[in-house]
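Before I ask anything, here is the structure I am working with.
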Amino acid sequence: MKVAVVGKGNVGGGLADRWERAGHDVTRIGRDGGDVSDAEVVLVATPGGAVADAFDAVTGWDGKTVIDATNVIGAEPPSGFSSNAEFIKSKTNGPTAKSFNLNFAALYDQLAGAERKPSNIWSGDEEARSVVEQLNRDAGYEPYYAGPLESAAVQEAAIQLFFGMAQANGRFFYRFAEPDEF
Ligand SMILES: NC(=O)c1ccc[n+]([C@@H]2O[C@H](COP(=O)([O-])OP(=O)(O)OC[C@H]3O[C@@H](n4cnc5c(N)ncnc54)[C@H](OP(=O)(O)O)[C@@H]3O)[C@@H](O)[C@H]2O)c1
């Protein structure tokens, strides 16, 4: 798949490495900007308060499938939107999902050796499902669906809970299971 990552730090750079290893063709775009019109899917991994800036610096968003990995820490989503993901959809009018915001980039290197894939939560549009689920699996996670794009706001807010748990116990993976697995 042709993937563009906007933001090439811990998350954007780390997932780009993993997706390249899985055979995807990844373009990395930083704050100097670029163009995503060639990409089949775009990952947004900028600081949560910089998403609007990224839309000014990067061209080619129209109709794109976008996965928003941002967390809004010490900032608010752009005015009039309850989540960054819904702001992104208003700019692209394409299939949009929130994913990768509730896992720790510092643990990406451990995914390759995991006996069972840890879970990674995503919410968003059905039209994005196949791409989001494939990129989850190719990064080393088992995707876990959390509802339509309206769920993105609570998925963004959940970072507070995850930070609290990491502070109490250290960084962690998690894995959801179907009841019949018990
Ligand atoms: N770190 C984690 O474990 C983790 C996990 C889940 C989600 N997140 C979320 O994912 C996002 C990225 O986190 P990170 O840890 O990868 O941060 P990071 O290492 O600081 O990387 C952020 C990247 O965004 C780039 N950037 C800043 N403004 C930009 C703009 N206007 N347009 C394009 N790129 C821009 C930065 O470019 P420069 O290199 O030029 O500064 C940098 O490459 C954040 O929203 C964070 O809350 C983080």
Side-chain angles (χ1 to χ4, degrees), residues 1-7 11-12 14-29 36-46 48 51 54-55 58 60-72 77 81-105 107-108 111-112 114 116-159 161-162 173-181:
M1 221 186 294
K2 281 190 161 192
V3 183
V5 299
V6 175
V11 173
L15 290 174
D17 290 346
R18 299 197 62 69
W19 288 332
E20 276 174 353
R21 260 176 249 143
H24 297 292
D25 174 1
V26 185
T27 302
R28 301 170 194 231
I29 295 174
V36 296
S37 47
D38 214 25
E40 292 162 79
V41 54
V42 185
L43 176 84
V44 176
T46 64
V51 171
F55 272 88
V58 177
W61 293 100
D62 208 24
K64 284 293 157 197
T65 298
V66 176
I67 303 174
D68 170 28
T70 63
N71 281 312
V72 187
F81 296 92
S82 53
S83 68
N84 271 354
E86 287 158 294
F87 168 76
I88 287 170
K89 176 143 185 131
S90 78
K91 302 293 267 186
T92 62
N93 289 311
T96 309
K98 182 107 206 161
S99 195
F100 300 102
N101 71 310
L102 297 177
N103 260 298
F104 300 95
L107 300 184
Y108 288 162
L111 286 166
R116 296 162 87 195
K117 283 185 163 90
S119 297
N120 191 39
I121 297 168
W122 80 277
S123 56
D125 296 330
E126 274 306 318
E127 297 85 346
R129 179 184 289 271
S130 62
V131 166
V132 174
E133 292 193 344
Q134 185 181 343
L135 289 179
N136 262 270
R137 293 194 174 104
D138 290 346
Y141 295 110
E142 192 54 42
Y144 195 87
Y145 180 58
L149 196 61
E150 293 72 31
S151 302
V154 284
Q155 188 175 327
E156 285 179 15
I159 190 60
L161 174 65
F162 277 61
F173 288 124
Y174 51 92
R175 188 171 183 283
F176 297 116
E178 301 303 325
D180 62 7
E181 291 182 54

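Note that the structure is predicted; figures quoted are calculated from it, not measured. Residues take their numbers from the sequence shown, with the count starting at 1.
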Applying side-chain hydrogen bond (donor to acceptor under 3.5 Å, both in side chains) to Asn120 and Asn136, what does each step give before you reach the verdict? CA-CA 7 Å; Asn120 191 39; Asn136 262 270; 2.7 Å; yes
Establish, for the pair Arg129 and Tyr145, whether the NZ or CZ atom is under 6.0 angstrom from the six-membered ring centre and no further than 45 degrees off its axis. yes
Centroid-centroid under 6.0 Å between Phe100 and Trp19 rings: yes
Between Lys89 and Gly94 (side chain of the first, backbone of the second, donor and acceptor by atom type, cut-off under 3.5 Å), is there such a pair? yes
Quick one: does any side-chain atom of Ser151 pair with a main-chain N or O of Ala146 as donor and acceptor, under 3.5 Å? yes
Once rounded to the nearest 0.5 Å, what's the spacing between atom CG of Asn71 and atom CG of Leu102? 6.5 Å
Could you go through the side-chain hydrogen bond (donor to acceptor under 3.5 Å, both in side chains) check for Asn101 and Gln155 one step at a time? CA-CA 8 Å; Asn101 71 310; Gln155 188 175 327; 2.8 Å; yes
Would you indicate whether the side-chain heavy atoms of Lys2 and Thr27 approach each other to under 4.5 Å? no
With a 4.5 Å cut-off on side-chain heavy atoms, are Val131 and Glu40 touching? no
Flag the pair Val42 / Thr65 as yes when at least one side-chain heavy-atom distance between them is below 4.5 Å, and no otherwise. no
Do you know the tightest heavy-atom contact between Leu149 and Thr96? CD1-O, 3.7 Å
Taking every heavy atom of Ile121 against every heavy atom of Ser99, the minimum-distance pair comes out as O-OG, 3.2 Å
Could you check if a side-chain atom of Lys117 sits within less than 4.5 angstrom of a side-chain atom of Phe173, using non-hydrogen atoms only? no
Of the non-hydrogen atoms in Pro77 and Ser83, which two are nearest, and what is the gap between them? CB-C, 3.7 Å
Calculate, to the nearest 0.5 Å, the distance between atoms OH and OH belonging to Tyr141 and Tyr108 respectively. 5.0 Å
Do the side chain of Glu181 and the main chain of Glu178 share a donor and acceptor less than 3.5 angstrom apart? yes
Salt bridge flag under 4.0 Å for residues Arg18 and Asp138: no
Is it the case that Ser119 and Glu142 place a side-chain donor and acceptor less than 3.5 Å from each other? no
Please find the pair of heavy atoms, one from Gly60 and one from Val36, that lie closest to each other, and give the distance. O-CG2, 3.4 Å
Separation between CD of Glu156 and OG of Ser123, rounded to the nearest 0.5 Å: 8.5 Å
Do the side chains of Lys91 and Phe55 get nearer than 4.5 Å, heavy atoms only? yes
Is the backbone of Thr70 close enough, under 3.5 Å, to the side chain of Asp68 for a donor and an acceptor to pair up by distance? yes
Check whether any side-chain heavy atom of Val5 sits under 4.5 Å from a side-chain heavy atom of Val26, and report yes or no. yes
Counting only heavy atoms not in Asp25 (residues, nucleotides, ligands), do more than 12 fall under 6.0 Å from its CG? yes
Hey, are Ser90 and Glu86 close enough side-chain-wise for a donor-acceptor pair under 3.5 Å? no
Backbone N/O of Ala69 and side chain of Lys98: donor-acceptor pair under 3.5 Å: no
